[in-house]
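Working notes, structure below.
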Number of protein chains: 2
Amino acid sequence: MQEEEKVLMQCLFFTSNRFARNITKLAEKNFDFSDLAPSYFYMIMVIHGQPNITQKELCQKLSIAPSTSTRFIEKLVKQNLVRKQTSGKQTMISLTEDGEALYVAFRKGLKSLFEDYNEILGKELSMNLSLMLHEASQKLEKNN
Amino acid sequence: MQEEEKVLMQCLFFTSNRFARNITKLAEKNFDFSDLAPSYFYMIMVIHGQPNITQKELCQKLSIAPSTSTRFIEKLVKQNLVRKQTSGKQTMISLTEDGEALYVAFRKGLKSLFEDYNEILGKELSMNLSLMLHEASQKLEKNN
DNA sequence: CACTATCATTTGCATATACAAATATAAGGA
DNA sequence: TCCTTATATTTGTATATGCAAATGATAGTG
């Protein structure tokens with residue numbers, strides 16, 4: 001094997017971005033009940049779990065930039081899936097009925113996504129990978 | 001912990017995208033000797049390792065879509081870092097002198113990126129993660 | 001009570017990345 | 001040799017995502 005290929009296998013920047021692209025494709029297949037990209041569903045899920053969550057908390061839980069959250073919420077409001085309520089500096093977000101309904105559909109899609117990748121990658125690898133990625137993100141984020 | 005947070009930890013779509021965002025930030029810091037995003041350097045590296053590589057092979061090695069490779073190469077040509085030569089259907093790519101020079105700088109940046117994340121994540125975790133991500137990508141890609 | 005510093009959100013702008021359709025080229029069969 | 005099919009690249013379009021600057025709002029200090 002060429003030296004360059006070894007680097008591609010060993011570099012976390014490359015391997016993680018490549019993997020993210022691949023798994024995103026799989027996720028899109030499983031979340032085809034709506035025209036939203038997968039990430040939106042994770043936002044919906046977090047709001048479901050904590051109604052009236054502030055935008056800032058949302059950013060933290062999802063590890064996204066504030067501007068990204070503004071754009072996401074904008075789109076979800078336009079589709080009548082979430083509601084925003086400003087209170088001073090902060091903005092609080094909660095799901096509409098349509099949002100709750102979509103959340104239910106999402107749970108099903110999530111289940112089939114899990115089945116899909118457990119099948120392809122094996123349960124062992126899937127589990128370990130996600131836990132390690134979680135741990136690694138925490139370490140990187142603490143280090144900022 | 002809320003059930004929703006557990007899902008965020010366990011879902012490979014979420015954990016891998018989150019991690020990719022985090023490590024990309026670190027990579028950008030280490031590749032600040034040029035205005036190119038990290039991904040371009042990996043393309044440059046592959047071309048360095050196999051001059052006159054076809055565009056299609058590049059796509060395969062980097063796991064990117066053909067249209068993405070067109071756009072990347074366009075930009076690199078404009079910056080006089082790579083050269084393209086068409087031969088029939090195919091296009092062959094190689095580095096210019098400037099490209100080779102930038103490759104040398106990139107290797108240094110790569111080294112310091114590795115040091116950075118080995119320090120933050122630990123060597124063990126870093127190694128395991130990248131190998132597992134590589135393995136998992138191969139499995140997902142074979143499954144298409 | 002005014003003013004300044006701090007904090008949360010939004011806006012402007014840029015970019016990596018993909019899919020689908022269009023185009024260009026080659027290859028193989030009649 | 002022409003026509004059809006297959007393959008490689010490009011183009012049009014869309015979108016997630018971020019950074020930096022702008023805005024809006026509070027809170028604490030003199």
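In what follows, every chain begins at residue 1, and chains take the letters A, B, ... in the order their sequences are listed.
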Look at B:Glu3 together with A:Arg107 and state whether they make a salt bridge at an N to O cut-off of under 4.0 Å. yes
Rounded to whole Å, CD1 of A:Ile53 lies from C1' of C:dA8 at a distance of 14 Å
Does C:dT9 have its OP1 or OP2 closer than 4.0 Å to a side-chain nitrogen or oxygen of A:Lys84? no
How would you label the contact of A:Ser67 with the nucleic acid (heavy atoms, under 4.0 Å): base, sugar-phosphate, or nothing? base
At 4.0 Å (heavy atoms only), tell me whether A:Arg71 reaches a base, stays on the sugar-phosphate, or touches nothing. base
Expressed in angstrom and rounded to an integer, what is the separation of B:Lys25 atom NZ from C:dA16 atom C1'? 16 Å
Atom CZ of A:Phe14 to atom P of C:dT17: distance rounded to whole Å? 10 Å
In whole angstrom, what separates A:Ile73's CD1 from C:dA8's C1'? 12 Å
Specify the separation, in whole Å, of atom CD of A:Gln90 and atom C1' of C:dC7. 9 Å
Measuring to OP1 and OP2 of C:dT10, would you say a side-chain N or O of A:Gln55 lies under 4.0 angstrom away? yes
Any base atoms under 4.0 Å from B:Ser39, or only sugar-phosphate, or nothing? Heavy atoms, all strands. sugar-phosphate
Which pairs count as side chain to side chain donor-acceptor pair (under 3.5 Å) when at least one residue sits in residues 35-47 of chain B, sequence neighbours excluded? none
Residue mapping more 5' on DNA chain C - nearest nucleotide basis, B:Ser87 or B:Lys75: B:Lys75
Using a cut-off of less than 4.0 Å, is there contact between a side-chain N or O of B:Thr68 and OP1 or OP2 of C:dT17? no
Between A:Phe31 and A:Phe41, how do the two ring planes meet: parallel, tilted or perpendicular, split at 30° and 60°? perpendicular
OP1 or OP2 of C:dA16 under 4.0 Å from side-chain N/O of B:Tyr40: yes
Would you say A:Asn143's side chain and A:Lys139's backbone share a donor-acceptor pair under 3.5 angstrom? no
DNA chain C: 5'-proximal contact among A:Met92 and A:Glu28 (nearest heavy atom): A:Met92
Take atom NZ of B:Lys56 and atom P of C:dT25, then tell me their distance rounded to the nearest Å. 18 Å
Within this structure, what is the CG-to-C1' distance between A:Leu58 and C:dA8, rounded to whole angstrom? 13 Å
Does the side chain of A:Thr96 pick up a donor-acceptor pair with the side chain of A:Asn80 at under 3.5 Å? no
Between B:Glu57 and B:Lys61 (salt bridge meaning N to carboxylate O under 4.0 Å), is one present in this structure? no
Between B:Lys89 and C:dA24, does any side-chain N or O lie under 4.0 Å from OP1 or OP2? no
Indicate whether any N or O donor in one side chain lies under 3.5 Å from an N or O acceptor in the other, for A:Thr70 and A:Gln55. yes
Report yes or no: does A:Arg18 contribute a side-chain atom to a donor-acceptor pair with the main-chain N or O of B:Ser63 at less than 3.5 Å? no
Earliest and latest nucleotide of DNA chain D, 5' to 3', sitting under 4.0 Å from a non-hydrogen atom of chain A? D:dA16 to D:dT26
Return the value, rounded to whole Å, for the distance between atom CZ of A:Arg21 and atom P of C:dA16. 12 Å
